[in-house]
Amino acid sequence: MSQPVTLCVPESWDGASLDLSLSDEGAVHSSFQQLLQEQSTEELELQELTPGGRENPAAGRTEDWEEPEPRGEHPDFSSATLRIVASMPSRTIGRSRGAVISQCYNRTAKLRRRSSRPPLHQISRSARPSLRQYDLELDTGHVEQEDTQSLLVKELQTLSSSQRSHMLQAMPVSLAEKLSLRQELGGHRSTLRKPDRSRRPLSCCGQLKHDVLIGFRSLWDGFLSLLHSLQPWHHSLKQIGGRFGSSVLSYFLFLKTLLAFNVFLFLTLLIFVVATQAAYPPAAENSRLFTGLELLTGAGYFTQTLMYYGYYSNFTLNDPCTPGDRSCQPGKGHLPYNMPLAYVFTIGVSFFIMCILLVYSMSRSFGESYRVGSSSGDFAIKVFCAWDYKVIQRRSVRLQNENIRTQLKELLGEWQSKSRPMSLCRRLGRMVVLGLAWALSLGTVLGCVVAVYYFAEHMLKVHQESQARGSSEARQEAFLLVLPMVVSLMNLVMPYLYNLLAAWEKQESPVLEVYMAICRNLILKMVVLGLLCYHWLSRKMGCSEEDKCWETSVGQELYRFVVMDFVFTLLDTVLGELLWRLILEKKLMRKQRPEFDIARNVLELIYGQTLTWLGVLFCPLLPAVQILKLVLLFYIKKTSLMQNCQSPSKPWRASHMSTVFITLLCFPSFLGAAIFLSYTIWAVRPSRTCGPFQTQETIYESGKTWVQELEKSSPNITWFTWIHQHLVENTFFLFFVSGVLL
Amino acid sequence: MGGSASQLPRDLLGEYQELTFLTKQEILLAHKRFSELLPKEERESILLKRVPKSKILTLPELRANPFQDRICRVFSTSEHGDGSMSFEDFLDLLSVFSDSATSEIKSHYAFRIFDFDDDGTLDKKDLEKLVNCLTGEGDETRLSESEMDQLIQNILEESDIDKDGTINLSEFQHVISRSPDFASSFKIVL
């Protein structure tokens, strides 16, 4: 007995979520109940392509399309394919895993019990030989078919064209068949409807909607094609992926993401802050001359340029009226631009948007990489999912073969050793080793932090002394380079020490090893940055009586840090990769090349980005510097990779680690920068002599003053001030919003 | 690209875009690359021609892939079973291996690719051939007999839910759904 299977149409069809796993439970359509009843009495399901079934039935959301097929009427279809597809349990039942599995069991049991196999009906264009061996029952039961066909037709008529096209897209049948199906669909639809309907024009609303949809779709296509052609580095990324696989590629994709964030930040600041200030330069001329040292120190000629906070005006630009004159109206062509307000709002809003973007990309990445399920199944997953199809170079393919072989052997070894539990003595020994290693790493962090603190204080004293002595400006500023150099040197050397520590520890699981390395490096970097932030803000407290622009000096410090970070990354690439490869090849005569340490490099990127975010308030052009740095870094790292490195031999779960990296970017990095920024805006007194907020107590006060003025000038918009007072100032709301976003 | 674009009619391009997971640019690029595989005189009627498997395997994206034969065989709709591909088969291939294809369609085709004897299930022989493809073809790169047996036993233990000694499509998809890296590694981009 054959039985065409009707399809379940879930009540809430979500076009956006195309990617569903077996663990989802779809809604079950009412006609589906009938199916379940029928199936309980059936031996084998068989899909029939009904004449009425040209329109795409919706089985689940974008599942394989189960397509009923008329025997003999449409011999062009590879009916067998469709039948097999349709008979898959996950496609027939509403997606509960238990039902799938039980169905699976029933089906295979039935197949095996079946003794006689009727010959296959003639299938003219089935190219898949596998299907010829399938047990397909073609039989009678036309009456039943008619009933279910009419049911199917009714369901299909409820589908919209977009659902239909989604279904067609997700069908695992060949494109030629889909095309002919679509033709049938188009041809059949007109016969389904009443004859005069096809001649009657659509109602004006329908026509308008249709035109609007078509217009939007072509606009969207155009936009996507523009984006695609603008995609930078497509060929380079393909080259890197082809040679090194997805793991190393994830570093470069992360770099691209950071570049996108910085471009956004830079463009916002450029339009609203920098360009407008550039159009109205302040009266004072730049007294310094340009020497080459400025590129490194950020001081000198750069001090009184657009680069730093101190350059920006604290009054309304292009305002012909004096502040005290209330009766003055700005004439035609005069658009006053309130610089302080623009400065603080631009930075606040761009940080807010970046927060949303970060949380969104983090949640999306998390959704892609997180999988419910037991942790067992390593072997099956390794064998089925380990091959990276992106790798196309022959040598890399051979390397991938070797890596997979090694990993399989390691897995087998681990599995065998798991059956022999470790003795108490060995376990104790491992705990001691682990504890010692962690104590050592935390101790080094503490040591580095203390060293940096005292060194910073010392450098400050030296700088003040040299200023007092009156030595040349260049010499003074050269002294300032020493602190960034020391911190960058520390960030360069400590990860190698941690690698040595990890080699001594000998972790069993390579995944855990990577996590520990990331943890240690992260702790070091973040604690040092925290200390530096405290140092800068406290230094400001110390010199508030002086006539200096402390914001500009903090901005300069951060610029120096960014530049030094770049210089030391270059040094690391040259020493760590190039030199090491030469040593390995020439001196030690080993064929192995150094491996590209993905985690360490990504952490360096995160560190650089944190510096940029910290410095945006004080140096609005810092994102531009970071953009330049990232672009140069891409090419330098790529060249070094191609010349010197080999792909990592340890397994690397690319999507999982990408999620980890973007989470690290969001949480310690962005959050820390946002906290620093918020503290500076809310609680720190701006300097009296420079910058947009000279006359205010805190930077935030400018916003508050503006709102108060707004209230005074037009009492009708009290709602705005009410919003401002209760929402923005109320930190609870901010927490609530961030909680909702997360 | 102007010349090849004029050979691919716009409505057909639109249809291809709707029926596959490829964007218009990807389809046009595929058209270009496919026409390069054909001899010059056949390039006008690209939609009707089939390219023999040997030519398809000269593509750099498939050249070194250990599953190249299986891929050609699975996606080919040739009646002779020789693995020759038409342009639409080629688009099918790229669509399944593209960025936007769903994990389910990828796992469906992965199952077909791994099913070396085309019987609809992955039995011991299929798994053995699969592991050999993964570890390399040379004798010294293969796993030893005992390792292979142990490995296959472990795989079947983990994934064969109905304990029939073979892995069918649902069991395969169940395993795949637990690995988030599958979709990103099952990608070929022109």
Side-chain angles (χ1 to χ4, degrees), chain A residues 18-19 21-22 62-64 88-90 100-101 104-105 108 125 127 129-130 133-134 165 168-170 172 174-176 178-179 182 221 224-225 228 238 246 368-369 371 373 376-377 379-381 383-390 392-394 397-398 401 404-405 408 412 415 653-656, chain B residues 15 18-21 23-25 60-61 63-65 76-79 81 88-89 91-92 97 102-105 108-109 115 118-120 130-131 134-136 141 143 147 150-151 154-155 158-159 161-162 164 168-171 173-182 184-189:
Chain A
L18 298 181
D19 183 281
S21 71
L22 282 173
T62 52
E63 292 304 328
D64 301 331
M88 290 305 151
S90 59
V100 166
I101 292 168
C104 180
Y105 179 88
T108 45
R125 211 168 64 110
S130 59
Q133 299 158 35
Y134 262 91
S165 55
L168 270 176
Q169 223 183 17
S174 77
L175 184 58
K178 286 189 203 179
L179 276 174
R182 212 193 143 119
D221 282 345
L224 280 181
S225 65
H228 189 85
K238 186 173 163 194
S246 314
E368 275 170 11
S369 72
R371 287 290 181 272
S376 75
F379 285 101
I381 290 179
V383 165
F384 293 145
C385 310
W387 187 261
D388 193 352
Y389 290 75
K390 281 201 218 80
I392 55 185
Q393 276 203 13
R394 255 185 246 276
V397 165
R398 263 205 302 273
N401 284 335
I404 290 182
R405 185 166 141 266
L408 283 174
L412 277 170
W415 180 81
R653 294 146 67 192
S655 63
H656 181 81
Chain B
E15 277 206 57
E18 280 194 27
L19 294 175
T20 64
F21 291 100
T23 65
K24 280 207 174 106
Q25 285 73 32
E61 288 83 6
R63 202 164 40 193
N65 196 314
S76 155
T77 52
S78 155
E79 286 151 15
E88 286 170 356
D89 297 336
L91 280 186
D92 243 345
F97 279 101
T102 59
S103 170
E104 298 193 318
I105 204 170
H108 186 103
Y109 276 96
D115 188 7
D118 284 324
D119 63 353
L130 173 60
V131 173
L134 287 177
T135 57
T141 57
L143 294 177
E147 284 173 339
Q150 186 62 58
L151 180 63
N154 286 350
I155 292 173
E158 284 166 359
S159 37
I161 300 171
D162 55 5
D164 61 350
N168 62 20
L169 178 62
S170 312
E171 291 162 346
Q173 285 182 320
H174 182 73
V175 170
I176 296 283
S177 69
R178 291 211 303 267
S179 162
D181 282 320
F182 174 72
S184 60
S185 63
F186 200 75
K187 263 192 210 156
I188 294 177
V189 183

Worksheet item: Looking at CG of A:Leu408 and CD1 of B:Ile155, how far apart are the two atoms once the value is rounded to the nearest 0.5 Å?
Response: 7.5 Å

Discussion item. Are the side chains of B:Asn65 and A:Val397 in contact, using a 4.5 Å heavy-atom criterion?
Written reply: no

Practice prompt. Kindly write out the residues that satisfy side chain to side chain contact (heavy atoms under 4.5 Å, CB included) with B:Glu147, not counting sequence neighbours, or none if the list is empty.
Written response: A:Lys409, A:Leu412, B:Leu143, B:Ser144

Worksheet item: Do you know the tightest heavy-atom contact between A:Val383 and B:Leu130?
Response: CG1-CD2, 3.6 Å

Worksheet entry | Under the ring-ring contact (aromatic ring centres under 6.0 Å, His included) test, residues paired with B:Phe186 that sit two or more places apart | A:Tyr389, B:Phe97, B:Phe182

Fill in: Distance in Å, B:Arg178 CZ paired with A:Phe384 CZ, rounded so as to fall on 0.5 Å steps
11.0 Å

Fill in: Side-chain (A:Gln169) to main-chain (B:Thr20) donor-acceptor, under 3.5 angstrom
yes

Worksheet entry | Nearest atoms (heavy-atom pairs only) where A:Ser174 meets B:Thr77 | CB-CG2, 3.6 Å

Discussion item. To check you understand the geometry: which heavy-atom pair defines the closest contact between B:Glu88 and A:Ala176, and what is its length?
Written reply: OE1-CB, 3.3 Å

Worksheet item: Any donor-acceptor pair under 3.5 Å linking the side chain of A:Lys390 with the backbone of B:Val189?
Response: no

Fill in: Any donor-acceptor N or O pair under 3.5 Å, side chains B:Asp181, A:Ser655
yes

Worksheet entry | B:Thr135 to A:Asn401 - nearest heavy-atom pair and separation | O-CB, 3.5 Å

Worksheet item: Which residue out of A:Ala654, A:Ala386, A:Ser246 racks up the most heavy-atom pairs below 4.5 Å with chain B?
Response: A:Ala654

Practice prompt. Heavy atoms only: give me the nearest B:Pro60-A:Ile392 pair and the separation to one decimal.
Written response: O-CB, 3.5 Å

Worksheet item: Which one, B:Val131, B:Leu91, B:Leu151, leads in non-hydrogen pairs under 4.5 Å with chain A?
Response: B:Leu151

